[in-house]
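Chain letters run A, B, ... following the sequence lines, proteins first and then strands; every chain starts at 1. Only a predicted model underlies this, so the values are computations on that prediction, with no experimental measurement involved.
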Amino acid sequence: MATINELKESMHSGSSEEIVAEYLERIEKSKLNAFITVAKESAINRAREIDSKGEKGMFSGIPIAIKDNISTKGIQTTCASKILSGYVPPYDAHVIERLKEAGAIIIGKTNMDEFAMGTSTETSFYGPTRNPWDMERVPGGSSGGSAAAVAGGEAPFSLGSDTGGSVRCPASFCGIVGLKPTYGVISRYGLISYANSLEQIGSFATCVRDVTMLFDVIAGHDSRDSTSVDRIDTHLDARTYASALVNDVKGLKIGVPEEYFDEGTDKGVENSVRDAINTLEELGAKSQIVMMPHTKYALSAYYIIAMSEASSNLARFDGMRYGLRTEDSDWHTTFSQVRAAGFGDEVKRRIMLGTYALSAGYHDRYYLKALKIRTLIKQDFELAFKDVDVLIAPTMPYPAFKIGEKIDDPISLYLSDVDTVPVNLAGVPSISVPCGFSGGLPIGMQIIGKHFDEAAILRTAFTFEENTDFHNKTPEGM
Amino acid sequence: MITKKDLEHIGWLARLELSDDEKEKYTPKLNSVLDYFNELDEVDTEGVEPTYHVLQLYNVFRDDEPGIGSITQEEALSNAPKKQDEFFKAPRMM
Amino acid sequence: MYENRDGIMIGLEVHVQLNRLKTKVFCGCTTDYHNDPPNSHVCPVCLGLPGALPVINKKAVEAAIKVGLALNCRVEEHTQFYRKNYYYPDLPKGFQITQYDFPISSGGYIIIEGEDGEHRVGITRAHMEEDPGRLVHEGTIDKSKYTLIDYNRSGMALLEIVSDPDMRSPKEARRYLDKLRNIVEYLDIFDGDLEGALRVDANISIMGGQRAEIKNISSHKGAEKALLFEIVRQKNVIRRGGIVVQETRHFDEAREITLSMRSKEEAHDYRYFPEPDLVPLKISGWAPAIKATLPELPDARRMRFVEEYGITDDHARALTSELKLAIFYEDVAEKADPRTAAVWVCDVLKGELNYRDMTIEAFKKEHMLSIIELLVSKKITEDGAVEIIRALLDKGGSPEEIVKEKSLLKVEGDIVSIAAAEAIKENPGAVADYNSGKEKALNSLVGAVMKKTKGRADARTAREILLGKLR
Ligand SMILES: [Mg+2]
Ligand SMILES: [Zn+2]
């Protein structure tokens, strides 16, 4: 599979139009269902334009796939929900503006769990996305379409969003690299909110360098997002994250949180991640066990906060200004019927649980309590990072599961997020990189860093990648 | 424990019309999730401050100057399922 | 001491639109939408499009602090925005960004002219929030077949000023509203003449009963009417042995009645929580600097007018009751006799303006100065001056033109003398009455002189001349 630099190379002899056409053809032939909308016409037109003008942006003429919860002006943006089918945003998200400035071409909008609520991309109104490594299995979620598209060769790189693991999980299940940056590093302007205080836009690619190049383009302060910050120079000499890509981990202190390797963890996963830590030690890093005692409670705290925020975020879908509209009766009834018809089961469940967690009499017991637990979890990270530079743990406790296996049991589905959600509660950065296989399915490990220290996790991931070849394996036939 | 009646109230608060089937279906599922959440009761959070924002940011403002984000009336109305003249059209109130 | 026999307790929630700002509270949309088509001053933020995020307008915060200080409130150390979750078609996000715990200011008061002299009304809090859109109904809200929505107003900065339930009559409520409006106008953050600039929700209970909340009041007169209606309604409920229930009622301005809005939607549970897309504010440090820029407020100005211009307290109160009027007066009083100016601006001009539903902006202060000059130099009579003011308001022009056009220059000397002689000749009866000691008969003779001079004679001069001739 071609890297970004390889595509840039090939553009010297060929054209953007050829590259775009090649990806479009693969999408057309694909059975992955990675895309909800393919922007065929606009992508080809833009490629021709770039070819004729000879634009020289960082990604000029290179196609990119965008998760369908990121607003794209003129291209349908559905959040994989019936309630937003046909909605065409009149504005671009901040990250889309940045990508367009860099010359990237939006090739399409990718499938996802409805409103990013899921771990498997099965809750999409547009049907599940399939895992390129095994068509019977889920690609992970919620950014499953974006990950499957990259792993399946349907896009060289893509954007997802990570509220509780939605970038890292599908990266892990699909055997690619996925980065969730520090909260606030990428503007959320235009990202359709699921849980505002937890989520970040993240990037997917087949290697650390491509993920980093993409990150460099989309990171940075945006005055339209009050929670956006500009901290790129905190841990970097040069003002690019790419400058952190050095093949060297000598003296790096790795923390291994034992709580992330509990009984539910698949043996193959545990072994691969521990082997990866050994590899890094052989390359000059040192590891030590760290204690993160509140990890156990992260899942409940995460779900309560996410559902509470979601119940409010999704209140705007009333069928008046955009989206689905059912037959009119009185306003309140129409509102309830639009939502009954437009939202899927999992979304309804989360809206109801969030409504309950915020409601009179339960607010303190659920919502407020969860926010206090969040404080304790954040403190766990702060304490651990006093002694170590990065933490390494499995991204997911097991490889990709079968489509339909967990979808009817919310708890078991939620449990698969156990290793990813603490990172979102603490707002720290984390990257998932391929580190092995179990039963022919890829395994991801996550490297977690301090606030704004993306440099450390990118360097660790890059060094690991340079000295191993897990990332070079591709699914059969792709 | 939430009852079917609680669920009806939640459905109303959330403006989600629920069929009888759905009420049957959702009640046990929501209860099993709430049961799981109840594990938080065992954590002593006495004196712990809640974390609303993970970054300690404050005083983020914009100047009182017209921005570039405004859209045209046509764009504003372009996604409206129903409109009349230059207005969005909603159902009757009562 | 005022006796509140019905145990009336009125508290008001006043929404003041900070319409002097250039942009809305959380987005860069412009605020000058009043003459433009619907939905033409909007953006993803104020339309509630998916993915849009709010950012606070710094000037709006400064304005809110200004108001808080003018209302004698504490400006809080830590302030924060919350989401108030409820549903209404004017609310594009399904929640309103407002404040809950940690409002920007609280614990103030203002002094009003109460039923029995000065009365202090507590200000519970003044907090910032966003305005919803505007709904248009065909006919009335309860009968209309559909609802039309214009989001131009959506996202305008509002200050919700919540009073303690300290008012004891509809009249006091109205006085409170007048005073409050007066204060915010003085602060130069608010133009009360724009549609929807100030809206009122009123809470009222009587005889220790439950309170009713009346919504949709758009004028001070409306507030008084709605409260009067509500007192009668609640009294009737109690007299019939019923119980006043806590509920929201809608004021029907046209019919001047309140209507119950009770329905399922009454089961409010706003599920407040801190707005995750906005970070907290630490702005109490701004208060001293803002306080230093506070303009002279109505009470201070009133006292200064009495002292500096030697006018009566009543005149000073009336003249300072509207900022524009106070400025008008002061400009005139600087160049003319302040007491004469007070009489003519306050007693005459204001009355004529009110009668025509016009504001002071309809009258030029140069014209007032000319009129006073004509009066002081005795070139016109007081009746003539009134006539000039009326003509200026009705037809425009200048005082000089009107004087000429209507021949209002005062007549003197010989003309009055001739008219007096004629009056004596033509009214022998009155002359006889006067000579027999009925002094009042002189008035009819003065009247006859005035009639003959078409009011242009000075009445006192005419009287003196008549007396001279009759002696
Ligand atoms: Mg309010
Ligand atoms: Zn706007």
Side-chain angles (χ1 to χ4, degrees), chain A residues 69-71 77 79 84 87 89-94 115 184 187-193 195-199 222-228 305 308-309 311-318 320-323 328 330-336 354-363 367-368 371, chain C residues 26-28 39 42-57 81-97 100 133 135 137 141-142 144-149 151 154 263-281:
Chain A
N69 61 350
I70 297 173
S71 302
T77 300
C79 279
L84 272 182
Y87 167 65
Y91 78 107
D92 274 328
H94 174 77
F115 283 102
S187 167
R188 292 181 291 113
Y189 192 78
L191 168 69
I192 301 180
S193 305
N196 331 43
S197 79
L198 298 162
E199 63 208 7
D222 170 22
S223 60
R224 293 166 301 183
D225 176 357
S226 309
T227 64
S228 140
I305 295 167
S308 298
E309 291 181 10
S311 71
S312 170
N313 289 328
L314 270 61
R316 72 187 62 199
F317 300 103
D318 59 2
M320 301 301 138
R321 293 162 306 285
Y322 42 80
D328 284 3
D330 72 273
W331 188 77
H332 286 280
T333 306
T334 307
F335 191 171
S336 301
T355 301
Y356 184 70
L358 284 174
S359 68
Y362 300 96
H363 172 280
Y367 177 69
L368 191 62
L371 288 163
Chain C
F26 297 126
C27 63
N39 298 303
V42 292
C43 74
V45 178
C46 56
L47 262 186
L49 292 190
L53 301 171
V55 185
I56 304 168
N57 181 339
F81 287 92
Y82 278 73
R83 288 187 183 182
K84 178 182 185 179
N85 294 285
Y86 71 98
Y87 316 106
Y88 214 66
D90 59 7
L91 201 60
K93 300 186 294 297
F95 58 83
Q96 182 191 33
I97 304 178
Y100 183 57
L135 300 184
H137 292 103
I141 185 170
D142 50 335
S144 183
K145 288 193 188 70
Y146 49 81
T147 305
L148 300 179
I149 321 170
Y151 290 103
S154 169
S263 70
K264 221 174 165 188
E265 64 170 299
E266 273 295 290
H268 280 313
D269 180 347
Y270 292 122
R271 288 159 285 136
Y272 284 99
F273 71 100
E275 168 57 86
D277 292 329
L278 293 173
V279 300
L281 307 183

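Here the CG atom belonging to C:Asp277 is positioned 4.0 Å from the CG atom belonging to A:Asn196, to the nearest 0.5 angstrom.
Interface remark: A:Tyr87 contributes side-chain atoms only to the contact with chain C (heavy atom separation under 4.5 Å). Heavy atoms of A:Phe335 lying under 4.5 Å from chain C belong exclusively to its side chain. For chain C, no part of A:Asn69 is nearby; none of its heavy atoms comes within less than 4.5 Å. For chain C, the nearby part of A:Ser71 is the side chain; its heavy atoms alone come within less than 4.5 Å. There is no contact between A:Ala93 and chain C, counting heavy-atom distances below 4.5 Å.
The two residues C:Arg271 and A:Ser359 have their closest heavy-atom pair at CG-CA, 3.7 Å. Between C:Arg83 and A:Glu309, the closest heavy-atom pair is NH1-O, 4.2 Å.
Residue with the most contacts toward chain C among A:Ser226, A:Ser197, A:Gly323, A:Ser223: A:Ser226 (heavy-atom pairs, distance under 4.5 Å). Of all the listed residues (A:Met320, A:Arg316, A:His363), the one sharing the greatest number of non-hydrogen pairs under 4.5 Å with chain C is A:Arg316. Per-residue counts of heavy-atom pairs under 4.5 Å with chain C were compared for A:Asp330, A:Asn313, A:Leu84; the largest is that of A:Asn313. Of the residues considered (C:Gly48, C:Cys43, C:Pro54, C:Gly94), C:Gly48 shows the highest number of contacts with chain A, using heavy-atom pairs under 4.5 Å.
Using a 4.5 Å cut-off on side-chain heavy atoms (C-beta onward), A:Thr77 and C:Pro50 make no contact.
Using modelled atom types, one finds a donor on one side chain and an acceptor on the other under 3.5 Å when comparing C:Tyr151 with A:Arg321.
Counting only distance, with no hydrogens or angles, the side chain of C:Asn85 and the backbone of A:Ser312 share no donor-acceptor pair below 3.5 Å. A donor-acceptor contact shorter than 3.5 Å is absent between the side chain of A:Tyr91 and the backbone of C:Leu49.
In this structure, A:Tyr367 and C:Phe273 have perpendicular ring planes: the angle between them is above 60°, well past the 30° mark.
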### Query
Could you go step by step and tell me if C:Val45 and A:Tyr189 meet the side chain to side chain contact (heavy atoms under 4.5 Å, CB included) rule?
CA-CA 10 Å; C:Val45 178; A:Tyr189 192 78; 4.0 Å; yes
